[in-house]
Amino acid sequence: MVVGEFTTEIDVLVIGAGPGGYVAAIRAAQLGKSVAIVDKDEVGGVCLNRGCIPSKALITAAHQYESMHHASDIGIRAENVQVDFSKVQEWKKSVVNKLTGGVASLLKGNKIQRLKGEVLFVNENEVRVFDNYEVNRYRFEHCIIATGSRPIELKAFPYGNRVLSSTEALELQEIPKSMVVIGGGYIGIELGQTYAKFGTEVTILEGSNSILPGFEKEMSRWVERNLKKLGVTTHTEALAQSVEQTDSEATVTFTVKGEEKKVTADYVLVTVGRRPNTDELGLEAINMEMTDRGLIKVDHQCKTNVPNVYAIGDVIEGPALAHKASYEGKVAAEVIAGLPSMIDYKAIPAVVFCDPEIASVGLSETEAKDQGYEVLVGKFPYAANGRALSMNVGEGFVKIIGDKETGLVLGAQIVGPEASNLIAEVALAIEMGTTLEDITLTIHAHPTLGEIVMEAAEGALGHAIHQINK
Ligand SMILES: Cc1cc2nc3c(=O)[nH]c(=O)nc-3n(C[C@H](O)[C@H](O)[C@H](O)COP(=O)(O)OP(=O)(O)OC[C@H]3O[C@@H](n4cnc5c(N)ncnc54)[C@H](O)[C@@H]3O)c2cc1C
């Protein structure tokens with residue numbers, strides 16, 4: 001034992017204060033547990049400090065700037081519009097600070113003990129927390145691991161001055177003249193499109209045959225079209241090979257269908273995925289069962305193979321999304337408190353905050369058919385919605401899928417402005433087990449984008465009013 005080391009007893013120890021961890025801690029405290037939460041960094045995790053929130057703030061700024069260039073379409077002249085990027089960054093930081101400050105107050109208000117430091121397991125009931133030269137031991141009855149993930153570093157593209165992960169790309173103090181984005185997943189597309197809107201010349205290299213793999217092509221096509229309008233060059237089926245960096249730029253060598261190409265830019269942003277933070281926790285000490293990808297194996301209650309240890313968020317299987325982490329956090333806390341909670345992923349929405357936004361929940365048409373459903377499908381365009389046109393945003397559609405036999409809503413895909421908000425109605429419909437008819441019988445205020453969801457459901461039943469039904 002290190003001299004001065006003492007042990008604190010606690011009901012629930014939460015490791016990691018991201019959207020998984022802090023939500024789990026609060027829920028456990030609400031249920032009467034004594035809770036401590038430990039993080040080596042600020043509260044809020046990746047999502048608040050280096051992920052969801054800062055990226056959405058930059059997206060908003062870029063969108064406002066770019067839309068001013070089209071203001072003349074609706075009779076507004078905005079000339080000589082300038083970006084003060086350091087002011088944009090300051091504002092972004094202020095948003096992050098407000099939210100992380102809010103989380104700190106919530107933890108305090110729920111009487112949760114906050115600890116700073118890196119965690120190492122000693123045994124199934126005890127960890128050591130290292131903060132500089134200080135080491136303390138914590139004994140717990142239950143523990144929730146929520147240590148999240150970090151960007152994957154490619155061997156051929158080591159992070160440095162000119163090769164960035166999403167963290168540094170969010171922190172740039174000047175708008176780059178040019179940028180190569182390796183990886184056309186949601187993080188790469190959101191950031192690449194944001195900088196393109198600010199005027200950066202962007203090249204995207206994606207290995208598969210379409211950007212945003214995982215979303216249907218009929219959705220990503222709209223995004224591709226807008227990227228093109230912004231002057232972004234996209235190479236699909238592209239394999240990034242190597243990079244040469246100087247003080248001021250980087251040259252990426254890549255191949256497309258066997259042909260070698262090069263592109264030089266101020267920065268290279270590598271967004272090829274994320275790796276779980278499970279390698280430095282000393283999980284060997286408790287014989288934790290892991291997958292080949294270093295994820296912690298859990299059951300439908302977020303229980304690991306170690307009976308009193310739970311895992312949630314980016315360290316377990318499933319999409320690396322903040323709302324998934326928070327949801328699992330609540331389930332884990334409730335199970336610890338003896339409630340019969342369990343995970344049901346049927347209605348977890350996925351959103352990309354690109355332009356136009358895309359969002360999906362539940363099953364796609366193909367997935368539903370693959371699962372043996374006979375489907376009813378309704379698709380309604382933004383272009384036939386009064387609110388969309390009065391907002392000068394006519395791009396996109398809502399597609400809704402129902403089961404022909406029961407009428408139950410199975411899923412939806414949305415492309416267009418506010419897709420991120422519209423998807424919530426369909427998530428609720430799936431969660432509640434409602435039918436397409438229930439949506440059509442729900443009065444949607446006029447004129448709103450929400451009416452597009454209602455009309456898509458009416459279309460699936462063959463009686464949309466504002467389009468000809470086939
Ligand atoms: C650029 C970007 C944009 C994103 N946008 C979205 C979005 O719009 N919507 C969305 O749903 N998701 C988004 N995400 C994903 C989202 O941020 C993650 O899914 C989410 O943060 C995962 O939450 P978590 O609680 O599992 O872990 P994290 O948020 O990663 O938090 C883990 C915490 O654990 C701490 N920690 C790690 N190891 C230790 C240790 N040994 N000891 C002590 N503490 C430790 C870390 O410091 C960190 O604070 C985005 C991610 C990125 C990178």
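The chain is numbered in sequence order, starting from 1. Counting starts at 1 for both ligands and their atoms, in listed order.
- Between I348, V119, D39, it is D39 that holds the heavy atom closest to atom 48 (C) of ligand 1.
- Proximity to G18 (heavy-atom distance under 4.0 Å) selects the following atoms of ligand 1: 25 (O), 29 (O), 31 (O).
- Looking only at atom types and distance, the side chain of T251 has no donor-acceptor partner in the side chain of E249 under 3.5 Å away.
- R137 and T7 share no donor-acceptor pair across their side chains, judged by distance under 3.5 Å alone.
- Contacts of C47 with ligand 1, taken as heavy-atom pairs under 4.0 Å, involve both backbone and side chain.
- Interface atoms of ligand 1 facing H323, defined by a heavy-atom separation under 4.0 Å, are 11 (O).
- With a 4.0 Å cut-off on non-hydrogen atoms, C52 touches ligand 1 through its backbone as well as its side chain.
- A donor-acceptor pair shorter than 3.5 Å can be found between the side chains of R150 and N277.
- Residue contacts with ligand 1, taken as heavy atom pairs separated by less than 4.0 Å, involve L281 solely via side-chain atoms from C-beta onward.
- When each atom of ligand 1 is checked for a heavy atom of G45 under 4.0 Å away, the hits are 29 (O), 31 (O), 48 (C), 49 (O).
- Considering backbone and side-chain N/O of K56, one or more are found under 3.5 Å from N/O of ligand 1.
- At a 3.5 angstrom cut-off on N or O pairs, A325 does not count as close to ligand 1.
- Considering backbone and side-chain atoms together, S166 places no N or O closer than 3.5 Å to any N or O of ligand 1.
- Among residue pairs with one or both ends in residues 38-58, those qualifying as side-chain hydrogen bond (donor to acceptor under 3.5 Å, both in side chains) are K56-E190; sequence neighbours excluded.
- Comparing G16, G117, P54 by heavy-atom distance to atom 43 (C) of ligand 1, the nearest is G117.
- Residue Y186 places a heavy atom under 4.0 Å from ligand 1.
- From the protein, the heavy atom lying nearest to atom 27 (O) of ligand 1 is G148 CA, 3.1 Å.
- Within ligand 1, the atoms closer than 4.0 Å to a non-hydrogen atom of S149 are 30 (O), numbered from 1 in the order shown.
- Listed for the Q241 side chain is no donor-acceptor partner under 3.5 Å among the backbone atoms of T253.
- Residue contacts with ligand 1: L191 is placed with no nitrogen or oxygen under 3.5 Å of a nitrogen or oxygen of the ligand (distance criterion only).
- By the 6.0 Å and 45° rule, K303 does not stack over the aromatic ring of Y310.
- Among the atoms of G51, none of the N or O lies under 3.5 angstrom from an N or O of ligand 1.
- The contact set between ligand 1 and G313, taken as ligand atoms under 4.0 Å from a residue heavy atom, comprises 26 (O).
- The protein atom (non-hydrogen) at minimum distance from atom 44 (N) of ligand 1 is K40 N, 3.3 Å.
- Remark: side-chain polar atoms of N226 are paired, donor with acceptor, to backbone N or O of D355 under 3.5 angstrom.
- Checked against a 3.5 angstrom limit, the closest N/O atoms of E190 and ligand 1 fall outside it.
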For this session: Take E218 and K379 through the test salt bridge (Lys or Arg N to Asp or Glu O under 4.0 Å) and record every step on the way to the result.
Result: CA-CA 12 Å; E218 69 176 322; K379 193 170 171 183; 2.7 Å; yes

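- For the residues A17, A146, G44, G282, the heavy atom positioned nearest atom 32 (C) of ligand 1 is part of A146.
- Looking only at protein heavy atoms, the nearest one to atom 10 (C) of ligand 1 is A322 N, 3.4 Å.
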With a cut-off of 3.5 Å and sequence neighbours excluded, list every side-chain donor-acceptor pair involving residues 331-353.
unit_1 : atom_1 : unit_2 : atom_2 : d
E334   : OE1    : S341   : OG     : 2.5
E334   : OE2    : R27    : NE     : 2.7
E334   : OE2    : R27    : NH2    : 3.2
D344   : OD1    : K346   : N      : 3.0
Y345   : OH     : E328   : OE2    : 2.5

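- Close contacts of ligand 1 with S55, meaning ligand atoms under 4.0 Å from a residue heavy atom, involve 3 (C).
- Judged purely by atom type and a 3.5 angstrom limit, S34 uses its side chain to pair as donor or acceptor with the backbone of D11.
- The backbone N or O of A61 lies less than 3.5 Å from no partner atom in the side chain of Q64, so there is not a single donor-acceptor pair.
- For the pair A320 and ligand 1, the shortest N or O to N or O distance falls below 3.5 Å.
- For the residue pair S360 / Q413, no side-chain donor-acceptor distance below 3.5 Å is found, with atom types taken as modelled.
- Ligand 1 places these atoms under 4.0 Å from at least one heavy atom of R274: 53 (C).
- Looking only at atom types and distance, the side chain of S86 has no donor-acceptor partner in the side chain of Q89 under 3.5 Å away.
- Listed by atom number, the atoms of ligand 1 under 4.0 Å from E118 heavy atoms are 42 (N).
- Closest to atom 38 (N) of ligand 1 by heavy atom, among T147, D314, L115, is T147.
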